[in-house]
Amino acid sequence: MFSVRIQEAPFDAAAEVARLAQGRTDVGGIVTFTGLCRADAGADGAGLKALTLEHYPGMAEEEIERHVAEARARWPLLGAIVVHRHGRLVPGDPIVFVATASAHRAAAFAAAEFLMDWLKTSAPFWKKEERADGADAGGWVEAKASDDAAADRWARD
Amino acid sequence: MFSVRIQEAPFDAAAEVARLAQGRTDVGGIVTFTGLCRADAGADGAGLKALTLEHYPGMAEEEIERHVAEARARWPLLGAIVVHRHGRLVPGDPIVFVATASAHRAAAFAAAEFLMDWLKTSAPFWKKEERADGADAGGWVEAKASDDAAADRWARD
Amino acid sequence: MKILYFAWLRERVGLAEEEVAPPAEVATVADLARWLAGRDEAHAYAFENAAVVRAALDRRHVKPDASLAGVREVAFFPPMTGG
Amino acid sequence: MKILYFAWLRERVGLAEEEVAPPAEVATVADLARWLAGRDEAHAYAFENAAVVRAALDRRHVKPDASLAGVREVAFFPPMTGG
């Protein structure tokens, strides 16, 4: 079961995981990552009131599908699910969910981390912050060098 | 929220994850690993009918608690949950669950993989197989060199 | 040719998308960005720091020297911050 | 001193636990394993390949040269296969 979805609605992580393992007995390990909106996510440490995620419809799905295909080429995956939300989210809200299934844990861990690292740097999503203090209403989150470095770990020359 | 439990009953992964994030806005990422009983887990590839997990009560909890303490010393964790089942399990059944929460994904991924690698080689659990063909009723699963190698990755001299 | 803008590029241009017909000498993504920047102040502002602007041709990431030949949809946007 | 056996060691010895009072010269885990192996055929079978047997003293993993001084509970078991 391989699936990529972009949606505004919350997701049910347990239901997604159930889809990976249901009715099969060859899955030995399932890794999930859930990314959440943090209250202190702002660049200057000031409180965050909300994030609005803009995305490029069509390309977002296609780009993540390409990541999933690349992950399947690198590791023996039995399933993978990616759900990415868009729209307005407040601290504590889940933003992104990645789940990978494999016979063995190492492949599931590596593929989940690979998908997240790639998502961060090449999935066409952009975050705009609303600050709790109202001081800077409308700052676009800047890309982090640490995310580029994380994605570069997987580069193949 | 840090918690270690050894139990015969199934666990509810979604409820465990909810305990990690509930009511807080400083968690940016939650990684989970669920280990499942595979039908082809037998050494010779023959079908597996069931696994019985024996453990050392008392030491199993204490050993995993020590792993969690070590993980907290290495990474800035905001929460960690380990649930390990014992008793008789059939293919498709969840055996072990690890969840880690941190502000950033890299720490959550590393800590979850570290906990699983250590669990595999030093938590006092032993698996006995029942084969589907009944040919070898009562084989104890042998430890894998690959698991020792995985645990050694984390060694500090 | 359809042009899409996202995030602060969209805000600066003041449009989410537009149809343009650049002259034949506009052959690459970099050429197109320069040509668009020359259209008016809003576009100039959007492309003032061209080095940070990323592009996709028909929904695939490309480098500034990518050819526009046969392309139907061009998107310009800042570095991605999803996940 | 309480001795616990797990997995195939438990099956070979035929006991999950026993109380023993080894002589004073049994000072380490390795000494204790040798002493237990000499008790009867079942124990000898359990410890026949001593190199693969692991031990814990008072619920902590130890090496064969660990001292038994002050120890209340000794466990012998094969390499762990949890997770």
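Here is how names work: the chains are called A, B, and so on, in the same order as the sequence lines, proteins then strands, and each is numbered from 1.
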Q. Rounded to the nearest 0.5 Å, what separation is found between the OG atom of S122(B) and the CE atom of M80(D)?
A. 6.0 Å

Q | Proximity breakdown for H55(B) and chain D, heavy-atom pairs closer than 4.5 Å | A | backbone

**Q.** Part of R10(D) within contact of chain B (heavy atom distance under 4.5 Å)
**A.** side chain

Q | Electrostatic pair R59(D)-E61(B), nearest N-O below 4.0 angstrom | A | no

Q | Choice from L53(B), V141(B), D147(B) maximising heavy atom contacts with chain D below 4.5 Å | A | V141(B)

Q) Under 3.5 Å, side chain of K144(B) to main-chain N/O of T81(D), donor-acceptor pair present? A) no

Q: Over 60° means perpendicular and under 30° means parallel, so classify the ring planes of F6(D) and W126(B), tilted if in between.
A: parallel

Q: Answer yes or no: are there more than 12 heavy-atom neighbours, outside E48(D) itself, under 6.0 Å from its atom CD?
A: yes

Q.
Does R72(D) have more than 12 heavy atoms from other residues, nucleotides or ligands lying within 6.0 Å of its CZ?
A. no

Q: Using a 4.5 Å cut-off on heavy atoms from C-beta on, say whether the side chain of E63(B) contacts that of H61(D).
A: yes

Q.
Counting neighbours of CZ on R60(D) that are heavy atoms of other residues, nucleotides or ligands and sit closer than 6.0 Å, is the number greater than 12?
A. no

**Q.** Min side-chain heavy-atom separation E73(D)-M59(B) under 4.5 Å
**A.** no

Q) What do the steps show when you test L4(D) against Y56(B) for side-chain contact (heavy atoms from CB on, under 4.5 Å), and what is the final call? A) CA-CA 9 Å; L4(D) 305 179; Y56(B) 183 171; 3.3 Å; yes

Q.
Contact between W140(B) and E11(D) at the side-chain level, heavy atoms closer than 4.5 Å - yes or no?
A. yes

Q.
Tell me if the OH atom of Y45(D) is crowded by more than 12 foreign heavy atoms within 6.0 Å.
A. no

Q) Side chain, backbone, both or neither: which part of R66(B) has an atom under 4.5 Å from a heavy atom of chain D? A) side chain

